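Working notes for the structure below.
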Amino acid sequence: MKRSLLILLILTVFLANSVGQNINTDKAYRDSLKSQLFVADNDSTLVQILNSLAESYWISAYDSGIFYARNGLLIARKSNYQAGEVNSLLTLSLVSSVIGDVVKGYEYSSMAIKLSKELKNEHLLSKSYTAFGQALSSSGKYRESIHAIKQAVNLTSKNQFQLMTNYAQLSDCYAKLEIPDSSNFYAKKVLEEMNQDQMTPPYPLRIVANMYRRLGEDQKAISFYQRSEQSAINYEDDLSLSLAYLDLARFYSQNNQEDSTFHYADKALKRAKKSRSVVLIIEVTEYLVDLYVPIDEDIALEYALESNAARDSLKIILQEQSIKSFNDFDQKLRELEIQQTRNELRAKIKQNTFLGSIFTLLVIAFALWRNNRIKQRGKKRVEKAYEKLKTAQQKLIHAEKMASLGEITAGIAHEIQNPLNFVNNFSDLNSELLDELEELLSAGEIDEVKQLIEDLKSNEMKITHHGKRAEEIVKSMLRHSRTGESEKEETDINALADECLSLSYHGIRAKNNQFRAHFVLNSDPHLPKVHVIRQDIGRVLLNLINNAFYAVAEKSQVADGEYNPQIKVITQASNNEIIIMIKDNGIGIPDEIKDKIFQPFFTTKAAGEGTGLGLSMSHEIITQGHGGTIEVESEEGYGTFFEIKLPVKGNP
């Protein structure tokens with residue numbers, strides 16, 4: 001058997017590094033497969049062993065599953081073993097969908113469908129449509145997923161196991177589309193296909209349990225949830241076990257059994273972590289956030305932070321799997337094609353040499369002709385590979401944009417906090433004024449009642465104003481998630497700075513009416529108006545001014561009676577730019593963390609008082625959004641000075 005030395009070298013290194021790896025399946029079975037890798041007598045057998053290893057790893061160690069499936073695909077293509085190539089593609093599609101890389105899930109399953117049609121193999125074609133439906137479902141395209149799975153059903157009328165799985169997928173998709181009648185219809189078909197004499201996988205059992213939950217048949221629902229749990233344990237499938245626990249938590253929540261709800265939600269998270277499925281960890285932590293928000297906001301915040309950390313981890317996984325690994329994988333394919341072409345050329349030349357001297361001229365002519373053909377063929381391969389690379393790059397750019405939505409969602413929580421603080425504080429103040437109003441009405445003090453009514457009206461106008469600000473922030477953040485840019489408008493920076501300074505001071509005073517500080521705006525009367533995204537620049541100023549007030553408030557708590565908190569905002573025009581300076585005499589920033597303050601999620605505030613996104617987003621708005629600069633000078637214990645420069649020329 002002719003094997004690529006490159007493939008054998010990679011396999012040898014990987015097997016040496018995988019010793020002692022903690023995986024949740026039968027180690028003896030895997031060791032047996034690994035021992036057969038180097039004694040396989042043909043490429044087809046080697047591909048089958050690699051695919052079996054990939055399938056045994058994909059649930060508990062997706063990176064190992066990807067490794068074996070990709071090497072199986074390389075050898076299958078090298079030896080033109082198309083059935084093995086389809087099975088490798090299906091494993092890659094399934095793993096990609098599970099870890100959240102739906103773009104690769106589409107690509108691999110689409111390639112499997114094309115190859116299966118060429119082979120006219122209905123069994124492989126059915127499995128390919130099932131994998132394609134799974135990729136569509138993972139990205140929320142449930143109607144398209146239903147169409148693909150129904151195509152698989154039409155090809156699996158005699159395959160009971162595959163048919164049961166497809167019915168379960170259809171029921172699940174209809175449930176997510178909130179079409180209960182259709183979901184229940186296919187769940188009943190799952191029940192009809194179950195073989196009581198054989199162990200049913202956890203997924204179909206869980207789908208039947210969900211049906212009984214919708215129908216209100218609680219005892220049957222619990223029975224099938226327990227069967228799904230036991231099946232997942234028997235299959236050593238932590239991913240399915242976590243999903244079973246999550247559905248049990250939802251079941252008990254629907255029946256207002258709080259203790260059981262939290263018990264199974266906690267178990268779902270533990271199994272999700274054990275399964276190493278980052279997508280599942282995100283789903284479970286977000287469910288726990290929803291559970292804890294009404295009863296304990298601190299615990300809810302902890303789960304929210306854990307969910308954000310999982311999203312960051314998912315982003316890294318997608319970058320590693322979609323960029324580095326894919327490029328390496330594509331490079332290996334090209335190397336195999338080049339090596340195969342070279343081997344063909346050498347064999348042809350050697351064969352022609354044996355023809356003898358009589359045919360020397362013919363051999364030379366033939367070799368030249370053949371060489372020209374090979375060059376043309378190689379040129380076409382290079383052009384095709386280049387087009388594939390361009391397409392892959394476009395898909396990766398799209399995947400990166402989708403992954404960044406997690407950061408944008410985290411940003412909304414921080415950015416909307418400022419106006420919400422104003423709304424909450426003025427609402428609390430109105431509650432106190434209403435109590436005072438009630439006392440004054442009882443005492444008949446009409447003049448003071450009128451004054452209180454004016455204060456209430458003023459506060460309500462502020463609540464409305466800041467509510468609309470919160471709405472604008474959400475709209476602005478949503479615009480950042482799209483491909484277009486927000487519109488710039490002509491803005492008076494002096495008026496914007498004055499508004500932000502006043503709002504920030506009144507906001508902190510509404511929260512702590514004992515706080516006092518001297519603040520002033522030294523504005524340049526000749527400052528030109530500039531074209532900027534007004535709400536973004538306002539958000540930057542509010543972040544920096546709020547930080548300044550926070551710094552002086554912290555210092556006032558530990559300073560002696562002679563300390564006078566001061567905030568100063570200065571604007572001035574300079575050549576072709578405007579300068580905004582924000583200065584405070586607060587606690588300052590230690591030298592060792594100055595380089596970190598613009599990093600996302602870095603904060604020195606106490607837990608619950610900041611997410612660490614304000615300065616990082618301010619830096620991005622100024623530098624990337626407006627082509628300006630933002631710099632900081634600070635001395636610990638004496639204060640901080642921020643300087644923003646925005647260009648005047650070049651603004652549309």
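Only a predicted model underlies this, so the values are computations on that prediction, with no experimental measurement involved. We number each residue from 1, following the sequence as shown.
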Problem set entry | Flag, side chain of S110 to backbone of Y106, donor-acceptor distance under 3.5 Å | yes

Problem set entry | Criterion side-chain contact (heavy atoms from CB on, under 4.5 Å) on C500 and L496, from CA distance to verdict | CA-CA 6 Å; C500 294; L496 183 60; 4.2 Å; yes

For this session: Test K583 against I570 for side-chain contact (heavy atoms from CB on, under 4.5 Å), laying out the working first.
Result: CA-CA 8 Å; K583 184 177 182 181; I570 305 166; 5.8 Å; no

For this session: Report yes or no: does D498 contribute a side-chain atom to a donor-acceptor pair with the main-chain N or O of N494 at less than 3.5 Å?
Result: no

Exercise. Atom CG of N575 and atom NZ of K645: how far apart are they, to the nearest 0.5 Å?
Worked result: 9.5 Å

Exercise. Passes salt bridge (charged side-chain N to carboxylate O under 4.0 Å, His left out), E107 versus K104? Steps please.
Worked result: CA-CA 5 Å; E107 182 176 347; K104 299 305 296 178; 3.0 Å; yes

For this session: Go through the side-chain N and O atoms of D524 and T571 and say whether any donor and acceptor fall under 3.5 Å apart.
Result: no

For this session: Inspect the surroundings of CD in E633 and state if more than 12 heavy atoms from other residues, nucleotides or ligands are less than 6.0 Å away.
Result: no

Exercise. To the nearest 0.5 Å, how far apart are CD in E286 and OH in Y303?
Worked result: 14.0 Å

For this session: Measure the shortest side-chain to side-chain distance between S618 and I621 over non-hydrogen atoms and say whether it is less than 4.5 angstrom.
Result: no

Exercise. With no hydrogens and no angle check, is any side-chain donor or acceptor of S253 less than 3.5 Å from a backbone partner on A249?
Worked result: no

For this session: Count the heavy atoms of every other residue, nucleotide or ligand shown that sit under 6.0 Å from CG of D595, and state whether that count exceeds 12.
Result: no

Exercise. Salt bridge (charged side-chain N to carboxylate O under 4.0 Å, His left out) between R534 and E499: does it pass, once the steps are laid out?
Worked result: CA-CA 12 Å; R534 190 180 189 278; E499 175 189 344; 3.3 Å; yes

Problem set entry | Side chains of T640 and S634, donor plus acceptor under 3.5 Å | yes

Exercise. Hey, is CD on Q572 packed in by over 12 heavy atoms from elsewhere, all under 6.0 Å?
Worked result: yes

Seminar exercise, completed: Between N564 and N585 the two heavy atoms that sit nearest each other are O-ND2, 3.0 Å

Problem set entry | Residue pair A268 / S242: nearest heavy atoms and the distance that separates them | O-OG, 2.7 Å

Exercise. Do L291 and F262 touch side chain to side chain, with heavy atoms closer than 4.5 Å?
Worked result: yes

For this session: For the pair S556 (side chain) and A553 (backbone), establish whether a donor and an acceptor sit closer than 3.5 Å, ignoring hydrogens and angles.
Result: yes

Problem set entry | K270: salt bridge (charged side-chain N to carboxylate O under 4.0 Å, His left out) partners, not counting sequence neighbours | D266

Problem set entry | Atom of L646, atom of H626 and distance for their closest heavy-atom approach | CD2-CB, 3.9 Å

Problem set entry | Minimum heavy-atom distance G586-Y563, with the two atoms named | CA-OH, 3.9 Å

For this session: State, with a plain yes or no, whether a side-chain heavy atom of L615 is found less than 4.5 Å away from one of F642.
Result: yes

For this session: Return each pair, listed once, that meets side-chain hydrogen bond (donor to acceptor under 3.5 Å, both in side chains) where at least one residue sits in residues 290-299; pairs must be two or more places apart or across chains.
Result: none

Problem set entry | E636/K555 ion pair, N-O < 4.0 Å | no

For this session: Say whether, by atom type as modelled, one donor and one acceptor occur between the side chain of S145 and the main chain of K141 under 3.5 angstrom.
Result: no

Exercise. Nearest 0.5 Å, what's the CG-CD1 distance between N546 and I582?
Worked result: 10.0 Å

Exercise. Has E592 got more than 12 heavy atoms of other residues, nucleotides or ligands less than 6.0 Å from its CD?
Worked result: yes

Exercise. Side chains of Y287 and E283: closer than 4.5 Å at any heavy-atom pair?
Worked result: no

For this session: Kindly indicate whether the side chain of V532, heavy atoms from C-beta on, has any atom under 4.5 Å from the side chain of K488.
Result: no

For this session: To the nearest 0.5 angstrom, please state how far the CD1 atom of I589 sits from the CG atom of N547.
Result: 8.5 Å

Exercise. Which distance, rounded to the nearest 0.5 Å, do you find between the CZ of R539 and the CD1 of I533?
Worked result: 9.0 Å

For this session: Output yes when E306 and K273 qualify as a salt bridge under the 4.0 Å nitrogen-oxygen rule, no when they do not.
Result: yes

Exercise. Closest heavy-atom contact between A272 and V284?
Worked result: CB-CG2, 4.3 Å

For this session: Can you label the angle between the F549 ring and the Y505 ring as parallel, tilted or perpendicular, going by 30° and 60°?
Result: tilted

Problem set entry | Point-to-point distance, once rounded to the nearest 0.5 Å, from CD of E620 to CD1 of I630 | 12.0 Å

Seminar exercise, completed: Here the pair of heavy atoms bringing P528 nearest to A573 is CD-CB, 3.9 Å

For this session: Apply the test side-chain contact (heavy atoms from CB on, under 4.5 Å) to residues V520 and V569: give CA-CA distance (whole Å), side-chain angles for both, the deciding distance (0.1 Å), then the verdict.
Result: CA-CA 6 Å; V520 63; V569 179; over 6 Å; no

Exercise. Just by distance, do the side chain of T491 and the backbone of E489 share a donor-acceptor pair under 3.5 Å?
Worked result: yes

Problem set entry | Verdict with supporting geometry, E554 and I587, side-chain contact (heavy atoms from CB on, under 4.5 Å) | CA-CA 7 Å; E554 288 291 299; I587 56 178; 4.0 Å; yes

Exercise. Quick one: are S137 and Y142 in side-chain contact, heavy atoms under 4.5 Å?
Worked result: yes

Seminar exercise, completed: Given the options V540, T629, I578, I579, I644 meets side-chain contact (heavy atoms from CB on, under 4.5 Å) only with V540

